[in-house]
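First comes the structure, then the notes that go with it.
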Amino acid sequence: MKKRILIIGASGQIGTELTAALRKKYGGHKVIASDINEGSDELMESGPFEVLDAMDYEAVQDVIITYEITEVYLMAAMLSATAEKFPMKAWNLNMTSLFNVLNLARENKIDKIFWPSSIAVFGPTTPKEMTPQHTVMEPSTVYGISKQTGERWCEYYHKRYGVDVRSIRYPGLISYKTLPGGGTTDYAVDIYHKALKHKKYICFLDEDTTLPMMFMDDAIKATIGIMEADAALIKIRNAYNLSGMSFNPKEVAASIQKHIPEFTIEYEPDFRQDIADSWPQSIDDSDARKDWGWKHHVSLDEMTEIMLENLRDTYS
Ligand code: AKB
């Protein structure tokens, strides 16, 4: 079958690396990158690029028809911390963009959708350790409410209209290539930059705030892995739990100190502490491992080495 992929939100933290990985795998011309603004030179030169508003149904449909798109990865979203500042804007973006692609698939204009969910679907009443796939979900953030609602709609469109939509609940993602924007887990990227630049970091979460996290390479493997799996293997059509590692700011600081002994960290928790406190500490992802063969590879100390090695030149 002729595969043509559209990535919506290609300039974001995940979109940038996902676009590069899919272009490497399928060829630049098969992967159309799009975002609300023009992308980086690299994004615009390595394959087709379209300026596209994920909330504009007609515009998304036009790109899908023009390029004969078969699969959409919808990566545009407002993350947890920013969404608390702009609740209605976040709700509108996160829900309208999802309905646009779900309805295009329902009308048979595309065959398959990837839509990212998040550990933010869980809330303060969810069991915190090894959070099960099926459990209490009472998210207390705008972002979490939009992701949980989105999951219900994905499952509904699959059951009622046969839409092939696949999703995973991303933990916090860490990469040296791209910066996150507006999330509660962003400290886990910033800390590496500040460790190299200032040998000091002021963390907006408390030292013992343990959260599920993952190195970006593993997240990209999971995303492409679930999309490539045989449809019959995808038994869960809201979103799969996905786990890599869990750590808190004190542990990541200790991991950095193995390479930069003079590095120091201070804690000044802000409004993001409440968000983090409402999320799980670790995730049971046995369904993803069993159903479509998910495996994580990178641990905290391995990630620290990769991050410092790759960022060192920027700050030397
Ligand atoms: C955020 O912190 O909002 C995101 C997420 C866990 O979905 N990184």
Side-chain angles (χ1 to χ4, degrees), residues 9 11-18 73-87 89-91 93-95 97-98 114-124 126 128 131 137 139-151 154 167-193 203-206 209-220 222-223 226 238-249 252 269-283 285 288 296 303 307:
S11 299
Q13 190 203 14
I14 311 173
T16 305
E17 295 208 28
L18 184 62
Y73 289 70
L74 172 58
M75 310 313 287
M78 198 182 285
L79 298 186
S80 56
T82 313
E84 289 308 296
K85 295 185 185 149
F86 308 104
K89 219 171 152 186
W91 176 258
L93 170 63
N94 294 359
M95 298 316 297
S97 58
L98 174 59
F114 178 82
W115 173 77
S117 187
S118 160
I119 53 162
V121 293
F122 300 116
T126 301
K128 282 210 174 298
T131 300
M137 291 165 92
S140 54
T141 62
V142 175
Y143 175 63
I145 296 169
S146 76
K147 289 294 175 188
Q148 214 240 337
T149 311
E151 285 195 9
C154 287
S167 179
I168 49 193
R169 293 173 180 152
Y170 286 126
L173 299 180
I174 296 122
S175 161
Y176 60 86
K177 292 183 194 152
T178 49
L179 290 171
T184 302
T185 57
D186 294 9
Y187 90 85
V189 179
D190 202 25
I191 193 170
Y192 289 104
H193 289 266
C203 188
F204 59 76
L205 297 182
D206 257 332
T209 311
T210 300
L211 288 170
M213 300 279 186
M214 184 175 286
F215 187 54
M216 184 64 86
D217 288 17
D218 276 345
I220 300 296
T223 308
I226 192 172
N238 50 336
Y240 277 91
N241 274 7
L242 197 73
S243 169
M245 53 188 134
S246 283
F247 58 74
N248 59 38
V252 67
D270 65 16
F271 73 100
R272 289 167 282 194
Q273 185 66 46
D274 281 348
I275 302 178
D277 287 342
S278 77
W279 289 351
Q281 296 184 346
S282 60
I283 298 287
D285 63 354
H296 83 279
M303 181 175 81
M307 290 294 288

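Note that ligands are numbered from 1 as they come in the structure, with each ligand's atoms numbered from 1 the same way. Keep in mind that what you see is a predicted model, and the values were worked out from it rather than measured. All values below were derived from every heavy atom in this structure, side-chain atoms included, with hydrogens, water molecules and symmetry-related copies excluded.
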Taking only heavy atoms of [X] into account, list the atoms of ligand 1 that are under 4.0 Å away from them.
{"X": "Y143", "result": "3 (O), 5 (C), 7 (O)"}
{"X": "S118", "result": "5 (C), 6 (C), 7 (O)"}
{"X": "I119", "result": "6 (C)"}
{"X": "G183", "result": "1 (C), 2 (O), 3 (O)"}
{"X": "W279", "result": "1 (C), 2 (O), 3 (O), 6 (C)"}
{"X": "L79", "result": "3 (O)"}
{"X": "T184", "result": "1 (C), 2 (O), 3 (O)"}
{"X": "S80", "result": "1 (C), 2 (O), 3 (O)"}

- Message: Could you tell me if T141 and S80 have a donor-acceptor pair between their side chains, going purely by distance under 3.5 Å?
- Response: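 The answer is no; no qualifying pair exists.
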- So, S167 versus E151: side-chain donor-acceptor pair below 3.5 Å or not? no
- Query: In terms of residue, atom name and distance, what is the protein heavy atom nearest to atom 8 (N) of ligand 1?
  - Reply: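 Protein heavy atom at minimum distance: T185 OG1, 2.9 Å.
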- Task: Can you spot which of Q148, R169, K147 makes a side-chain contact (heavy atoms from CB on, under 4.5 Å) with S118?
- Result: K147
- Message: I need the single residue from P171, S243, S282 that forms a side-chain contact (heavy atoms from CB on, under 4.5 Å) with P212. Which is it?
- Response: P171
- Message: Restricting to non-hydrogen atoms, name the atom on S146 and the atom on M95 that form the minimum distance, rounded to 0.1 Å.
- Response: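 Here S146 and M95 meet closest at O-SD, 3.6 Å.
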- Query: What do the steps show when you test I14 against Y170 for side chain to side chain contact (heavy atoms under 4.5 Å, CB included), and what is the final call?
  - Reply: CA-CA 10 Å; I14 311 173; Y170 286 126; 3.6 Å; yes
- Name the orientation class of the two ring planes belonging to F204 and Y187 (parallel below 30°, tilted from 30 to 60°, perpendicular beyond 60°). perpendicular
